[in-house]
Chemist: 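Pasting a structure below so you can have a look.
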Amino acid sequence: MYCMRCGRQIPDGMAVCSFCGTIPPDVQGQTGKMPQAGAAADAQQNLNGRQAYPARQTPNTAQQGYYIPPQGYPVPQQSRQPQSMNAQPPYGAGPQNQYPVRQMPNPGQNINTQPGYPVRQMPNPGQNINTQPGYPIRQMPNPPQPPLSAPDFSGAQGETRETPAFVSENPVQPGSVPVLENTVQEMPAPQSSQPADRYARDRFAAGFSSPENFPADISQGGAPDLPQAVSPDDPLSGYGMQPVGGTSEKKSKRLSGKIIALIAGAAALVIIAAVLIPVLIHNAKQSKYNEGMAYLENGQYSEAAEIFTSLGSFNDSEQMADFARIERDYAKIDSLADAEQFDSIVGILNARSDYYGDTEKGREAKKLAGEYKKLSEAFAAKNSGDYDRAANKLDDLDTLREKYSAQRCLCLAHAAEEEHNWIDILLNLYAIQSGDADYDFLENPQDDDDAIAAGAYYTADPYRFDQVITPLDEETRSLKDTAITGLKYDEAKKQLDSGSYIKAMELFGNLGDFLDSKECLERAKEGYESYKTTYAQAEEYFNNGEFYKAKKLFMQIPEYEDSSQRAETCVQELPENGAFKTGSGSGVNLKIVAPKGSRSVYIKIYNSDRELAGKVFLRPEKSSTLKLKSGTYYMNVAYGTEWYGETDLFGDEGTYQQLLNGTSDSFKLSSGYTYTLELLSKSNGNVGSKNVGGASGM
């Protein structure tokens, strides 16, 4: 007889198949249960409503303690642990798979996600055994439980086999682990012959009408190893179980099928990659492109430029990268201008002009580039010390002129410094501070500071400028200090040149090494030492009655000791009217009348031998008469207000003349006559006059 499950030949009257443990129908009909199986037979399921044929059994993965046949017999491979009946497919899964999924008959489990195989299904309704989308659901019956007790081999063709004894003949409960007490004895190998109509009997026993409906192998808890349908020559190949004999040939066929399946899967992957990868790459680039556009809208040009540059030629990324870089660089102009990097700004604006071309933005960028080029030249001149050229360049600006007007005033201040024009330095510094680069505050002051600055400019008073100028930075502070010091230097020079050595020494002593202040200080000290000599000479003049000469020397050294007071004592009191009166004889009377006004008169009369014949001092509007011999005389007259003695007379402030008689400088006086000489301060007097050069000419 043949086993209705595995198709192998077993001895007639055999109670249990020695290969798969199935109870033959005739034994079931006699006993209703397997020998020593207990309640295990009750687990048999009715397949398609036909009670006459027993269901093929698969292991229940929820239980443990399966039957172990004697050594030397093939054992169907079954999972001893609960696990998913669907392993990870080696070829991928998805709607692009070319093959439907084969399924296994264990209900409740997803038994196949392997792509590339037709779906094998079992007829148990209500159980979804295929989770692969796009395919109809094939169902199978609940598999019967495996036998839990050892079969009896005593009647199999006279062979004697020893059955392993279990701890209990009762069915093993789920969760329990049975323990074997005896080891399996070695048994002779079964016969390898198989009936010619094996396929027909197996199909009939299982209740299937064709090999395509034959159940898949669930012995490994997953999909079958090879992508092939059940062969009529080997109905068990779909289960991954082999009968005794022919094993090598079957494995070779399965290996060839697996290689074919791998090649087919690899080809499918190549096709999928060829279609899917470009789509994924395009979508990723589009996402980055959108991100770059969002950065542009937010004005984040640096981030946008980085993204568009990384996208290369995708869409218009190259053009958008150029645009982002142009706008990014344009936003840096103010910071570059603060750093005086004008050449970089010119490059940015030229690139912007080229990008926008003959548009409003392009023309504006071109014009602004020209302005920054002039600005670059101006600052280059300033940095080289050519302040006049720098000021002219800045004055030539158009759009940027107002913005850089303070720099223009600063360059003018530096130029004034080189020329020692201290007052112009202060003028430009105040213009920078007030924001009035056109100096309107000089003619139209707007507040008190403007008025003070204008007054200080016109009076060259450094101390007034110092009140209103507040330096803005270190450069303007240095210029202000230079200007104030320069004004003090000019004052010290005046004192030195006038002989005021003490004042000059004081001023130059506070100027340090400003210009030639040290040299000037030495000159002032030398001058101060000369004061002693001057003072001594003045005293000598004073003691000799040369009071005016003494006064002049004392006045040259007013800071030295009591020179100022001594100069005042050199002025003598005015003599009385008629003082110093003398005559040389008698016979001639000469009346002299002083002119009106504030000036006094001192007159000297010389004879023909140029000897003094008489003299007299007259107060203003007074008169005096001298007695003289008849003869020829010459007359000299001095006029003045301050008297310094008969030597210096009225000093350098007096008027000294020789009287003229018509065109002659001599007067002839006859004896017995009285002559009146009226001295007038006007040119229409009765006598003429000519200058004689001071008191020494009298």
Side-chain angles (χ1 to χ4, degrees), residues 295-296 299-306 308-309 319-419 424-425 427-439 470-480 482:
Y295 280 130
L296 282 182
Q300 297 173 269
Y301 299 114
S302 297
E303 294 81 353
E306 183 178 354
F308 287 123
T309 301
Q319 179 181 356
M320 299 310 295
D322 291 340
F323 171 76
R325 283 191 290 269
I326 290 293
E327 296 301 322
R328 175 198 64 192
D329 295 341
Y330 186 73
K332 298 178 181 179
I333 287 181
D334 290 339
S335 60
L336 291 174
D338 293 340
E340 299 183 9
Q341 298 182 12
F342 304 113
D343 291 337
S344 298
I345 296 176
V346 171
I348 290 172
L349 291 173
N350 286 336
R352 184 178 178 86
S353 175
D354 294 341
Y355 182 83
Y356 286 106
D358 191 19
T359 63
E360 182 178 355
K361 286 186 177 181
R363 292 189 295 270
E364 178 185 358
K366 185 176 182 180
K367 179 180 178 182
L368 200 57
E371 289 279 284
Y372 274 104
K373 185 176 181 180
K374 293 179 182 178
L375 194 60
S376 176
E377 295 173 353
F379 272 79
K382 175 189 173 185
N383 294 333
S384 65
D386 191 354
Y387 296 107
D388 284 331
R389 182 171 181 269
N392 291 333
K393 286 288 184 180
L394 291 170
D395 196 41
D396 194 35
L397 294 175
D398 182 16
T399 306
L400 300 174
R401 186 178 189 278
E402 182 178 357
K403 181 178 180 180
Y404 287 93
S405 60
Q407 285 292 334
R408 171 179 165 272
C409 290
L410 191 61
C411 289
L412 291 173
H414 280 294
E417 180 184 18
E418 293 178 345
E419 299 172 358
D424 277 359
I425 294 177
L427 174 69
N428 282 284
L429 290 181
Y430 186 77
I432 294 172
Q433 177 178 312
S434 62
D436 185 2
D438 296 325
Y439 317 115
T470 303
L472 303 177
D473 52 29
E474 196 62 35
E475 186 176 11
T476 55
R477 180 178 293 104
S478 176
L479 283 170
K480 177 187 175 183
T482 299

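The chain is numbered in sequence order, starting from 1.
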Chemist: Indicate yes or no for a side-chain donor-acceptor contact from N383 to the backbone of F379 under 3.5 Å, with no hydrogens or angles considered.
Modeler: yes

Chemist: Do the non-hydrogen side-chain atoms of Y356 and F323 ever get within less than 4.5 Å of each other?
Modeler: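 Contact flag for Y356/F323 side chains = yes.
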
Chemist: Verify the neighbour count for atom CD of E360: are there more than 12 heavy atoms of other residues, nucleotides or ligands below 6.0 Å?
Modeler: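 Incorrect, the count does not exceed 12.
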
Chemist: When you look at F308 and L296, which way does the side chain to side chain contact (heavy atoms under 4.5 Å, CB included) test go after all the steps?
Modeler: CA-CA 10 Å; F308 287 123; L296 282 182; 3.6 Å; yes

Chemist: Got a list of side-chain donor-acceptor pairs under 3.5 Å for residues 334-348, not counting sequence neighbours?
Modeler:
| residue | atom | partner | partner atom | Å |
| --- | --- | --- | --- | --- |
| S335 | OG | K332 | O | 2.8 |
| D343 | OD1 | S376 | OG | 2.8 |

Chemist: Output yes when a side-chain donor or acceptor of T482 lies under 3.5 Å from a complementary backbone atom of S478, and no otherwise.
Modeler: yes

Chemist: Under 4.5 Å between any side-chain heavy atoms of L429 and P471, yes or no?
Modeler: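 They are not in contact (no side-chain heavy atoms under 4.5 Å apart), so the answer is no.
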
Chemist: Quick one: NZ on K480 to OG1 on T476, what's the gap to the nearest 0.5 Å?
Modeler: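 Rounded to the nearest 0.5 Å, the NZ-OG1 separation comes out at 9.5 Å.
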
Chemist: How about N428 and Y439: do any of their side-chain heavy atoms sit closer than 4.5 Å?
Modeler: yes

Chemist: Looking at A390 and A378, what are the two nearest heavy atoms and their distance?
Modeler: CB-O, 3.3 Å

Chemist: Taking the side chain as every heavy atom from C-beta outward, state whether Y355 and Q319 have any pair of such atoms under 4.5 Å apart.
Modeler: yes

Chemist: State, with a plain yes or no, whether a side-chain heavy atom of L472 is found less than 4.5 Å away from one of I432.
Modeler: yes

Chemist: Can you tell me how far the SG atom of C411 sits from the CG atom of D395, to the nearest 0.5 Å?
Modeler: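 The CG atom of D395 is 11.0 Å from SG of C411, to the nearest 0.5 Å.
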
Chemist: Taking the side chain from Q433 and the backbone from T470, do they hold a donor-acceptor pair closer than 3.5 Å?
Modeler: yes

Chemist: How far does SG of C409 sit from CG of D436, to the nearest 0.5 angstrom?
Modeler: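 Going from SG on C409 over to CG on D436, the span is 8.5 Å.
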
Chemist: Is it true that T309 and R325 share a donor-acceptor pair across their side chains at a distance under 3.5 Å?
Modeler: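 Yes.
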
Chemist: Could you tell me whether E306 atom CD has more than 12 heavy atoms of other residues or ligands within 6.0 Å of it?
Modeler: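 Open.
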
Chemist: Report yes or no: does D386 contribute a side-chain atom to a donor-acceptor pair with the main-chain N or O of K382 at less than 3.5 Å?
Modeler: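 It does not hold such a pair.
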
Chemist: With the side chain counted from C-beta on, respond yes when R408 and R401 share a heavy-atom pair under 4.5 Å apart, and no when they do not.
Modeler: yes

Chemist: Judged by atom type as modelled, is there a donor-acceptor pair below 3.5 Å linking the side chain of E327 to the main-chain atoms of Y301?
Modeler: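 Not at all, since once roles are kept as given, no pair shorter than 3.5 Å links the two residues.
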
Chemist: Is a donor on one side and an acceptor on the other found under 3.5 Å between the side chain of E371 and the backbone of D398?
Modeler: yes

Chemist: How close do K374 and K393 get, counting heavy atoms only, and between which atoms?
Modeler: O-CB, 4.3 Å

Chemist: About how many Å separate OH of Y387 and NE2 of H414, when rounded to the nearest 0.5 Å?
Modeler: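 Between H414 NE2 and Y387 OH, I get 4.5 Å after rounding to 0.5 Å.
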
Chemist: Return the NZ to OG distance between K361 and S353, rounded to the nearest 0.5 Å.
Modeler: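 Between atom NZ of K361 and atom OG of S353 there are 13.0 Å.
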
Chemist: Does the side chain of D424 come within less than 4.5 Å of L412's, by heavy atoms?
Modeler: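 Heavy-atom side-chain distance check fails, nothing below 4.5 Å.
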
Chemist: Just how far is it from atom CD1 of I425 to atom CG of L410, taken to the nearest 0.5 Å?
Modeler: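 Reported value, rounded in 0.5 Å steps: 10.5 Å.
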
Chemist: Closest approach of E377 and R389, non-hydrogen atoms and distance?
Modeler: O-NH1, 3.9 Å

Chemist: Please find the pair of heavy atoms, one from E418 and one from G385, that lie closest to each other, and give the distance.
Modeler: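 Distance-wise, the nearest heavy atoms are OE2-O, 3.5 Å.
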
Chemist: From the options L397, L400, N350, select the one residue that forms a side-chain contact (heavy atoms from CB on, under 4.5 Å) with Y372.
Modeler: L400

Chemist: Does the side chain of L349 reach to within under 4.5 Å of the side chain of K366, using non-hydrogen atoms?
Modeler: no

Chemist: Verify the neighbour count for atom CD of E402: are there more than 12 heavy atoms of other residues, nucleotides or ligands below 6.0 Å?
Modeler: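 Incorrect, the count does not exceed 12.
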
